Amino acid sequence: EPFRGIWIQAGVGPQLYVVNSGSVTESTYTFAGLITGGWRGRFEAPALNVGIGAGCMYISTPHTKIISSLISNFQPTILFDLGWNF
């Protein structure tokens, strides 16, 4: 049986950030975190299941030396998945 009900997930770790400006490319690692929550259910077909969720992703401001960049630290996230159990 597939999991049914409310779920919450969270994660943190490094994220590779690459910025291009003309012929110049600069890359650095930055801190990222994600928290989401949602609901998982199933259709009438016993093996078909669906999940939907929403949350927020945080990305710390990258410290680039050549190319300056401005990003939004908090980004909304929407998740949707369709699965088939076998």
Side-chain angles (χ1 to χ4, degrees):
E1 286 290 317
F3 172 78
R4 289 185 63 186
I6 296 173
W7 56 266
I8 297 172
Q9 69 178 1
V12 296
Q15 178 174 329
L16 178 61
Y17 183 80
V18 179
V19 62
N20 295 317
S21 179
S23 62
V24 179
T25 300
E26 187 174 9
S27 64
T28 186
Y29 282 94
T30 187
F31 172 80
L34 173 75
I35 185 163
T36 57
W39 180 84
R40 173 168 285 289
R42 65 178 181 181
F43 292 109
E44 292 296 321
L48 189 60
N49 59 80
V50 64
I52 188 164
C56 183
M57 181 167 51
Y58 171 79
I59 301 173
S60 65
T61 304
H63 300 289
T64 53
K65 297 177 182 170
I66 301 170
I67 304 169
S68 63
S69 61
L70 178 63
I71 66 167
S72 174
N73 292 96
F74 287 95
Q75 300 175 5
T77 304
I78 297 174
L79 305 166
F80 177 77
D81 68 86
L82 186 63
W84 185 268
N85 291 347
F86 54 91

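Quick caveat, the model's predicted, so the values are computed rather than measured.
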Can you list the other members of the hydrophobic cluster that holds Ile8, where links are side-chain heavy atoms under 4.5 angstrom apart?
none
Set of residues satisfying side-chain contact (heavy atoms from CB on, under 4.5 Å) with respect to Val24, sequence neighbours excluded:
Ile66, Ile67
Salt bridge (Lys or Arg N to Asp or Glu O under 4.0 Å) pairs, two or more places apart, involving residues 57-76:
none
Given side-chain contact (heavy atoms from CB on, under 4.5 Å), test Phe80 with Val50 step by step and report yes or no.
CA-CA 8 Å; Phe80 177 77; Val50 64; 3.3 Å; yes
Can you tell me how far apart CD1 (Ile52) and CD1 (Ile78) are? Round to the nearest 0.5 Å.
8.0 Å
May I have all residue pairs that pass salt bridge (Lys or Arg N to Asp or Glu O under 4.0 Å) and include part of residues 16-35, sequence neighbours excluded?
none
With a sphere of 6.0 Å drawn around CG of Leu82, does it hold more than 12 non-hydrogen atoms of other residues, nucleotides or ligands?
yes
Sequence neighbours excluded, which residues qualify as ring-ring contact (aromatic ring centres under 6.0 Å, His included) partners of Tyr58?
Phe74
For Trp7, side-chain contact (heavy atoms from CB on, under 4.5 Å) partners two or more places apart:
Phe3, Gln9, Thr36, Arg40, Leu79
Take Val18 and Thr25, measure what side-chain contact (heavy atoms from CB on, under 4.5 Å) needs, and give me the verdict at the end.
CA-CA 7 Å; Val18 179; Thr25 300; 3.8 Å; yes
Verdict with reasoning, Ser60 to Asn73, per side-chain hydrogen bond (donor to acceptor under 3.5 Å, both in side chains)
CA-CA 6 Å; Ser60 65; Asn73 292 96; over 6 Å; no
Check the surroundings of atom CZ in Phe31: do more than 12 heavy atoms from other residues, nucleotides or ligands lie under 6.0 Å from it?
yes
At what distance, to the nearest 0.5 angstrom, does OG1 of Thr28 lie from NE2 of His63?
8.0 Å
Distance, nearest 0.5 Å, that separates OH of Tyr29 from CG of Leu16
5.0 Å
